[in-house]
Number of protein chains: 2
Amino acid sequence: MKRIDWSSLDAAARADCLARPGGGDQAEVEAAVRRVFEQVRADGDTALRALTRRFDGVEIADFAVTPEEFEAARAQLPAKLRVALAEARSRLVTWHRAGMAAEFEVDTAPGVRCGRLLRPIPRVGLYVPAGTAPLPSTALMLGVPAELAGCADVVLCTPPRADGTADPAVLVAAALCGITRVFKLGGAQAIAAMAFGTPTLPRCDKLFGPGNRYVTAAKQLAAMLAGGPAIDMPAGPSEVLVIADAGAPPAHVAADLLSQAEHGPDSQVILVTDSAALIDAVEAEVARQLAELPREAIAQRALEHARLMRVSDIGEAFAISNAYAPEHLILALRQPRTWLDRVASAGSVFLGDYAPESLGDYCSGTNHVLPTNGAARAWSGVSVASFQTSISVQEVSREGLAAIGPCAVEIARAEGLEAHAQAVLRRLEAQA
Amino acid sequence: MKRIDWSSLDAAARADCLARPGGGDQAEVEAAVRRVFEQVRADGDTALRALTRRFDGVEIADFAVTPEEFEAARAQLPAKLRVALAEARSRLVTWHRAGMAAEFEVDTAPGVRCGRLLRPIPRVGLYVPAGTAPLPSTALMLGVPAELAGCADVVLCTPPRADGTADPAVLVAAALCGITRVFKLGGAQAIAAMAFGTPTLPRCDKLFGPGNRYVTAAKQLAAMLAGGPAIDMPAGPSEVLVIADAGAPPAHVAADLLSQAEHGPDSQVILVTDSAALIDAVEAEVARQLAELPREAIAQRALEHARLMRVSDIGEAFAISNAYAPEHLILALRQPRTWLDRVASAGSVFLGDYAPESLGDYCSGTNHVLPTNGAARAWSGVSVASFQTSISVQEVSREGLAAIGPCAVEIARAEGLEAHAQAVLRRLEAQA
C-alpha cells in the first residue's frame with residue numbers, strides 16, 4: 001500500500017495517483033476477442049464447443065442446462081445457502097420494485113397529449129462469471145430486475161466447471177428468478193453467442209453482467225456491431241474508495257479494504273482520510289487481517305497498488321472521490337448522511353460504520369452490478385430500468401394540430417425540410 | 001416503392017423485407033474514423049483544424065463561438081423563428097420535466113435503509129448535425145434535458161458553414177437552453193475531440209446526438225475506449241413505419257412517408273396496411289406530392305427502398321412493427337389508443353390522423369433523438385434520465401447489520417470470499 005500526502009502532490013502527480021492500473025495490453029485483448037467473434041459468427045455451436053475445450057478445458061456436447069440438472073442442483077445445495085439466496089432475493093425485489101419508473105401523460109398544449117410507455121426488453125442475455133469463484137449473487141442481481149421488468153425471454157450464460165456441470169448455487173439463484181434457459185458457456189464466446197445467436201443460443205437484444213477483461217471487451221465489441229445488442233455497462237475490475245475520519249474503527253476499514261482486494265489482483269483499493277493516526281492503524285490492521293485470509297495471495301497483489309491518502313479536510317476527500325468516480329464509496333464518517341450532497345459520481349454508497357460493502361454485494365437490496373473504471377461519471381448501476389425501454393407517445397386532436405402545427409412548420413422550413421411542413425399543412429387545409 | 005403481399009412471403013423473404021438497407025462499407029467507415037481518432041489524439045487542435053479544412057473546406061482559427069457571434073446570430077434570426085424555437089422549447093420542458101425520475105428510499109429490513117440518489121452527469125458533449133441542413137431543433141432536443149438534469153458543463157459541437165460561422169438558428173436554440181460553450185466543429189473529429197479533449201475542447205463524460213454514419217461510428221468507437229465516454233445511443237439514418245387502416249386519409253399517409261424520405265437517401269419508409277385500396281391511393285398521392293418538393297431528388301432515392309406492405313389484419317401489422325422496431329411509428333388507425341398495448345418496441349408513437357411525425361420532430365414536447373436501425377428493441381429516446389446517473393445508497397444500523405449480516409456471510413462463503421464475510425463478522429463481534 002502506498003501512503004500519499006495529497007497536499008504535497010502537484011496536478012500531474014494527483015492525476016497519476018487517481019489513474020486505474022493499466023493491466024496488460026488492451027489491443028491484445030481486443031484482437032483475441034475479435035478472433036473469437038469471427039469464429040462464433042462463422043461456425044456457431046461448433047466454434048463454441050472448440051473454444052470451450054480450449055479455454056475451459058472441458059468437452060460440452062449440449063450447452064443448455066436440462067431440467068434434471070436444475071433439480072440436481074437444488075437437491076445438492078445446502079439448505080442454509082438456499083435460504084440465504086431466497087432472503088437476498090426478497091430484499092432485492094423490495095428495493096428494485098420501489099425504484100421502478102412509471103408511465104405518465106401530460107398535456108403539452110390543448111389537444112396535445114404526450115406520454116411515455118414502458119416495455120420490457122424482449123430478449124436479454126445475462127452473464128454470470130465463475131472465474132476464481134462462481135457468483136450466484138450475480139445471477140440474483142441480474143435475474144431480479146429482469147423478472148420485475150417482465151422480460152419475456154431471459155438467457156443466462158455461465159462458464160462450465162471442470163466436470164462439465166454448472167455451479168449449483170448459480171442454477172438455484174437463476175431458478176429463484178424464474179430463469180430456465182441457462183447455458184454452460186463462458187468468456188468472450190458466451191458474449192459472441194448471445195450477440196449473434198447460434199442454433200443453440202438465441203440472439204439477444206441486450207447483454208448484462210460483469211466479467212474479466214475479455215468479457216468486458218467482448219461486450220463493448222458487441223455494442224459496436226451494426227444492429228447489434230445494447231450492453232448494460234463496461235463493468236471491469238472492482239474497486240472501492242473509503243472516506244474515513246478519525247473516529248472510524250480501523251479494523252472495520254481494514255476489513256473493507258481487504259474484502260475489495262480479495263476480488264482479484266487488479267482490484268482497486270483506496271482510503272482517503274484526514275487522520276494520519278487512522279492510516280497507521282489501518283495499515284497495521286490490514287497486515288494482521290491479511291495473514292488470516294484464504295485468498296491472501298490475491299489480496300496481497302491487489303494491495304500493491306492500493307493507496308492510503310491523507311487530505312487536509314474531509315471536503316477535499318469528496319473532491320478526490322468525485323474525480324475518481326469509484327464503483328463503491330464507503331463513508332466511514334461520524335455523520336455520514338450529512339455528506340451525501342457532496343457525492344457527485346459513484347456507483348453505490350455505504351453510510352456509516354455498520355455498512356460494509358459486502359452487504360451491497362449480497363443482500364441489502366441494492367444492485368451490485370455497478371460502473372467501474374470511472375464510468376460512474378456517466379453510467380449507473382443495473383436497475384429495472386436497465387431491462388426496459390421507454391417509448392414516447394403523442395396523441396393530437398384537430399385542435400391540437402391547429403395549436404402547435406404552425407410552430408412545426410416554421411422550424412421545418414428553417415431546416416429546409418418542406419415535406420415536414422407539408423405533413424402539417426395538408427392536415428390543416430383538410431380541416432378548413 | 002416496393003409493394004409486398006406479406007402473406008405470400010416465406011420466413012427468409014420476410015426477414016429480408018425487414019432488413020435495413022446496408023448503405024456502403026461499414027469497415028471502411030470504421031477505418032476512416034479510427035484514422036481521425038488517431039490524428040486528434042496525437043495532434044489535438046492542429047488535427048482538428050486540418051480535418052476541418054479537409055472535410056468542411058473551411059479554415060477555422062478558433063473553434064469556440066464568441067459572445068459576439070451569439071449576439072449576431074440573435075440579431076440576424078427572423079423573429080418568427082426565434083418565437084417558434086422558444087415555443088417548442090417550452091413544450092419540451094413540460095414533457096421532459098413530467099417524466100423526470102425521483103429519488104427514493106425504502107427500508108429493506110429493520111435498520112437497513114436503501115435508496116437512490118440522482119446526479120447530473122458533470123460534463124456532456126452534444127452533437128448537432130448540419131449536413132444538408134442545420135438542425136436547431138436537435139440543439140433544443142439535447143439542450144432541454146441537459147438543462148433540466150442540471151449538467152454543470154454542457155459542450156455543443158456543430159459543423160461550420162462555408163463562411164466559417166455557425167448556423168444562427170442553432171446558436172439561438174443553444175442559448176435558449178443556457179448553453180454558452182459551442183464549437184464550430186463537425187463529423188468524427190468533433191466526436192474525437194469531445195472524447196479525448198484538446199487544449200480547446202474539454203473531455204466529456206457522455207456524448208449525445210444524431211449524425212451520419214461517420215458520426216455514429218465515431219460515437220461507438222468512443223464508447224469502446226477504456227475509460228472513455230458513454231454515448232446516448234447509436235442513432236443512424238432516420239426511419240418511419242406507418243400502420244394504417246382503410247379509413248386513413250391517403251394524402252396524410254403519403255405526406256408522412258415523404259417527410260421521412262426527404263431526410264436522406266438512406267431514410268427508411270414503410271407502410272403496413274390491411275387495405276389494398278389504401279396502398280393504391282397512397283402510391284398515387286406520393287407521386288403527386290413528390291413532384292412538388294424541393295428535396296424531390298433525395299426523397300426519390302429514399303423511396304426506392306420504401307415498402308408498401310399488405311397484411312391480412314392489423315394485428316399482423318403490429319407483429320411486423322415489433323420485429324422491425326421502428327424509430328417512428330405512426331398509428332393511422334380509427335381507434336389508435338386501443339392498439340397501444342400491442343406496441344412492444346418503437347422509439348416514438350404517433351396516434352391518429354392529426355399527429356404527423358413532424359410534430360414529434362419539432363414541438364409536441366417529446367424528444368426526437370431516438371433509436372434507429374432496430375435499436376428500439378433495447379434503447380430508448382433521449383430524456384432527462386439520459387443526462388443523469390443514479391447512485392444507490394445503503395444506510396445500516398447495528399440492528400440492521402445483525403438482521404441481514406448472516407445472509408451476506410452465508411453467500412460470501414459460498415463464493416469463496418472470506419474477506420467479504422469477515423467485513424460483516426468483525427463488526428458483529430465488535431457489537432457483542
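Numbered from 1 within each chain, the chains take letters A, B, ... in sequence-line order.
Of the atoms belonging to B:Ile404, heavy atoms from both backbone and side chain fall under 4.5 Å from chain A. For A:Ala344, the part sitting under 4.5 Å from any heavy atom of chain B is the backbone (N, CA, C, O) and nothing else. Proximity to chain B is absent for every atom of A:Ala375, based on heavy atoms less than 4.5 angstrom apart. Heavy atoms of A:Asp107 lying under 4.5 Å from chain B belong exclusively to its backbone. Of the atoms belonging to A:Asp167, not a single heavy atom falls under 4.5 Å from chain B. Interface residue B:Ala376: only backbone heavy atoms are found under 4.5 Å from chain A. For a residue to count as touching a neighbouring chain, one of its non-hydrogen atoms must lie under 4.5 Å from one of that chain's; by this rule A:Ala102 does not touch chain B. In this structure, the portions of A:Leu340 lying under 4.5 Å from any heavy atom of chain B include both its backbone and its side chain. Only the side chain of A:Phe104 comes within contact range of chain B, judged by heavy atoms closer than 4.5 Å. Contact of A:Val343 with chain B is made through backbone and side chain together, with heavy-atom distances under 4.5 Å. In this structure, the portion of B:Leu117 lying under 4.5 Å from any heavy atom of chain A is its side chain and not its backbone. Contact of B:Arg413 with chain A is not made at all, since no heavy-atom distance falls under 4.5 Å. Of the atoms belonging to B:Ala98, heavy atoms from both backbone and side chain fall under 4.5 Å from chain A.
In summary, the side chains of B:Ser348 and A:Gln394 do present a donor paired with an acceptor at a separation below 3.5 Å, with no hydrogens or angles considered. Using a 3.5 Å distance cut-off with no hydrogens or angles, the side chains of A:Glu415 and B:Ser137 do pair a donor with an acceptor.
When each of A:Glu410, A:Lys206, A:Glu103, A:Glu105 is checked for heavy-atom pairs under 4.5 Å with chain B, A:Glu410 comes out on top. Note on B:Ala355, B:Gly416, B:Gly365, B:Ser364: by heavy-atom pairs under 4.5 Å with chain A, the leading option is B:Ser364. Counting heavy-atom pairs closer than 4.5 Å to chain B, the top-ranked of the candidates A:Ala255, A:Cys407, A:Ala84 is A:Cys407.
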For this session: Carefully, step by step, assess A:Tyr362 and B:Leu417 under the rule side chain to side chain contact (heavy atoms under 4.5 Å, CB included).
Result: CA-CA 12 Å; A:Tyr362 294 124; B:Leu417 296 174; 3.5 Å; yes

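The backbone N or O of B:Asp361 lies less than 3.5 Å from no partner atom in the side chain of B:Ser358, so there is not a single donor-acceptor pair.
Between A:Arg427 and B:Glu357 there is no salt bridge, since no side-chain N of the basic residue sits under 4.0 Å from a carboxylate O of the acidic one.
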